[in-house]
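Computed over heavy atoms, backbone and side chain alike; hydrogens, waters and symmetry mates excluded.
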Amino acid sequence: MGENYFGITDPGRQRTNNEDSFIAKTVAGNQLIIACVIDGVGGYEGGEVAARLTRDEITDHLDKLPGDIIERLVSALDNANERIIREKEISPQNEKMACVVTLGLVDMERNIFYFAHVGDTRLYLFRDGSLIKVTRDHSAVGFLEESGRITEEAAMLHPKRNEVNKVLGYETQIALTKDFIDTGESPFLPGDTILLCSDGLTDMIPAGKIISILSSEDELSAKGKLLINAANDAGGKDNITVVLVQNDKPTVKHEVTKPLVAQIKNNNSGEEKMKMLEKDASHGKPVIKSNSSNKINKLLLLFCILFFLGFAYLLFKNYKENIIIEKHTQTVTPKKRNQQEINLSDSINASANAIVRLS
């Protein structure tokens, strides 16, 4: 499992000390991976002390990981914050020490990662050639960049790019302060890579360069070193720390087959090519054609013709009968009544009784 995560830190080209620290290790029976980058601040020694205390506290707190994972990540940062504050009380020379941190926990079995974050260290998700910034910088310059008010290049050169408004070591009970610690989770699919880094990397090289390195076929450790070298080649003005975790499960690729209609359109019309298509569609096996549909279609057509002829015959017959009746009506003359019939009719009409008697 060690091949799918890697961490490295470097002091850079312009500093002799390194206030950065990182964690890249497995916990919970090698089922989970802790990936963490810590950037200490507060003087030559203070930043290093704050980073070391935070690393130790996180490692101890997440050793077994019972309960809700996000809650455990938050409490780990809360404990680290309190530990830094206690250390400042007994070490006045380090009263300005603090640190920023991005903490990730990867569940490889469930293909998911969780994170907790304070400051301007960063967490990226690299997927299918795209680099997605997961965390947000707790700084004015970071806000300007993320909201689109300034470009990435302008943010990298901004004179206040290193000023942050949230750190560990200055406020107590940060876990109880709403939105002080950013948390979240994300799917971590086969082929994905997450990158955690300090601003010593992102202040030196743009996202395009990071994408180029992560897109290479190199091992994860080689990619980490290439990122460090790129930041140093660009000036190395700060400490540089990189942690990479890769979901190295094989990606599932479904073979896309052209629809048979599309294949027919792409081939010349001809008996031989049609037979080839039929064999391809059945994976090389001969296709047995059935004429049952053709027979059914012919029967239906015959039935329709017979029905039409029968209906036409009925219309013609009815028309002929109407003509005969009309002619018969016109030729029949009223029968002349005799005197007896006249007398009977007059008797019926003149009778006042409801019953007519015939005699």
Side-chain angles (χ1 to χ4, degrees), residues 1 4-7 20-40 50-86 98-125 132-138 142 164-189 192-199 241-247:
M1 199 171 197
N4 65 339
Y5 65 90
F6 176 77
D20 284 2
S21 187
F22 72 90
I23 306 170
K25 62 172 293 187
T26 59
V27 292
N30 294 334
Q31 296 300 311
L32 305 172
I33 301 172
I34 300 177
C36 181
V37 168
I38 308 159
D39 187 352
R52 175 177 52 81
L53 293 175
T54 301
R55 182 194 61 208
D56 294 345
E57 188 62 38
I58 290 173
T59 302
D60 294 342
H61 197 76
L62 301 183
D63 188 38
K64 295 183 180 179
L65 281 170
D68 183 86
I69 290 180
I70 292 292
E71 289 181 1
R72 294 289 290 178
L73 296 181
V74 170
S75 62
L77 296 192
D78 187 35
N79 288 356
N81 177 70
E82 298 298 328
R83 189 165 177 180
I84 294 171
I85 291 174
R86 290 196 304 269
C99 70
V100 294
V101 57
T102 300
L103 170 61
L105 189 76
V106 180
D107 187 335
M108 296 295 294
E109 183 177 352
R110 297 177 57 221
N111 294 327
I112 191 171
F113 70 83
Y114 307 86
F115 69 89
H117 163 75
V118 174
D120 64 350
T121 45
R122 293 180 177 181
L123 167 62
Y124 290 94
L125 172 64
I132 304 161
K133 187 169 176 282
V134 178
T135 55
R136 60 188 180 97
D137 295 346
H138 295 150
V164 295
N165 49 41
K166 286 185 182 180
V167 295
L168 299 186
Y170 273 81
E171 297 184 33
T172 60
Q173 296 184 314
I174 59 172
L176 303 178
T177 304
K178 184 180 179 180
D179 298 331
F180 190 93
I181 300 174
D182 289 347
T183 62
E185 61 184 68
S186 171
F188 189 51
L189 306 180
D192 286 355
T193 299
I194 58 172
L195 162 67
L196 296 87
C197 60
S198 62
D199 60 352
T241 303
V242 167
V243 173
L244 294 166
V245 182
Q246 183 179 42
N247 189 332

> Should Cys99 and Ile84 be marked as a side chain to side chain contact (heavy atoms under 4.5 Å, CB included) after you check the CA-CA gap, both sets of side-chain angles, and the distance that decides it?
Replying inline: CA-CA 9 Å; Cys99 70; Ile84 294 171; 3.8 Å; yes
>> For a side chain to side chain contact (heavy atoms under 4.5 Å, CB included) check, start with the C-alpha distance between Val243 and Phe6, then their side-chain angles and the critical distance, and finish with the verdict.
In response: CA-CA 6 Å; Val243 173; Phe6 176 77; over 6 Å; no
> Given the rule in the side chain to side chain contact (heavy atoms under 4.5 Å, CB included) test, do Val245 and Thr193 qualify, once you have shown the distances and angles that lead to the verdict?
Replying inline: CA-CA 6 Å; Val245 182; Thr193 299; over 6 Å; no
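Remark: side-chain polar atoms of Thr135 are paired, donor with acceptor, to backbone N or O of Leu123 under 3.5 angstrom. Of the possible polar contacts, none joining the Asp78 side chain to the Ser75 backbone as a donor-acceptor pair under 3.5 Å is found. Between the side chain of Lys25 and the backbone N or O of Val27, no donor-acceptor pair lies under 3.5 Å.
How far CZ of Phe180 is from NE2 of His138: 8.5 Å, rounded to the nearest 0.5 Å. Distance check, rounded to the nearest 0.5 Å: CG of Asp192 to CD1 of Ile132 gives 8.0 Å. Rounding to the nearest 0.5 Å places CD of Glu185 at 9.0 Å from OG1 of Thr183. Atom CZ in Arg83 sits 7.0 Å away from atom CG in Asp60 (nearest 0.5 Å). One distance of note links CD1 of Ile85 with CG of Asn81; it measures 4.5 Å at 0.5 Å rounding.
Residues satisfying the side chain to side chain donor-acceptor pair (under 3.5 Å) criterion with Asp120, sequence neighbours excluded, are absent altogether. Qualifying side chain to side chain donor-acceptor pair (under 3.5 Å) partners for Ser198, counting only residues two or more places apart in sequence or in other chains: Asp20. Residues passing the side chain to side chain donor-acceptor pair (under 3.5 Å) test with Ser21 are Arg55, sequence neighbours excluded. Remark: Asn79 pairs with Glu57, His61 by the side-chain contact (heavy atoms from CB on, under 4.5 Å) rule, at least two apart or across chains. Every residue two or more places apart in sequence or in another chain that forms a salt bridge (Lys or Arg N to Asp or Glu O under 4.0 Å) with Arg136 is listed here: Asp182.
A heavy-atom distance below 4.5 Å is found between the side chains of Ile58 and Ile23. With contacts defined as side-chain heavy-atom distances shorter than 4.5 Å, the pair Tyr5/Gln246 does not qualify. Put simply, the side chain of Tyr124 reaches to within 4.5 Å of the side chain of Cys197, judged on heavy atoms. Thr59 places none of its side-chain heavy atoms less than 4.5 Å from the side chain of Ile34. Annotation: side chain of Leu32 is not in contact with side chain of Thr26 (no heavy-atom distance under 4.5 Å).
Shown here for Thr121 and Asp137, the closest heavy-atom pair between the two residues is O-OD1, 4.4 Å. For the pair Tyr170 and Ala98, the tightest heavy-atom approach, listed with the atom from each and the gap, is CE1-CB, 3.4 Å. Residue His117 comes nearest to Leu77 through the heavy atom pair N-CD1, 4.2 Å, listed as atom of the first residue, atom of the second, then distance. Leu125 and Pro187 get closest at one heavy-atom pair: CD2-O, 4.5 Å. When all heavy atoms are compared, the tightest approach of Ile70 to Gly184 is CD1-O, 3.5 Å. Across all their heavy atoms, Gly119 and Val100 have their closest contact at CA-CG1, 3.5 Å.
With Leu103 as reference, Leu62 is the one residue of Leu196, Leu62, Val37 to meet the side chain to side chain contact (heavy atoms under 4.5 Å, CB included) rule. Of the options Ile38, Thr54, Leu53, a side chain to side chain contact (heavy atoms under 4.5 Å, CB included) to Leu168 is made by Thr54 and by none of the others.
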Under 3.5 Å donor-acceptor pairs involving side-chain atoms of residues 104-114, not counting sequence neighbours:
unit_1	atom_1	unit_2	atom_2	d
Asp107	OD1	Glu109	N	3.2
Asp107	OD1	Arg110	N	3.2
Arg110	NH1	Tyr114	OH	2.8
Asn111	OD1	Asn247	ND2	3.1
Asn111	OD1	Lys249	NZ	2.9

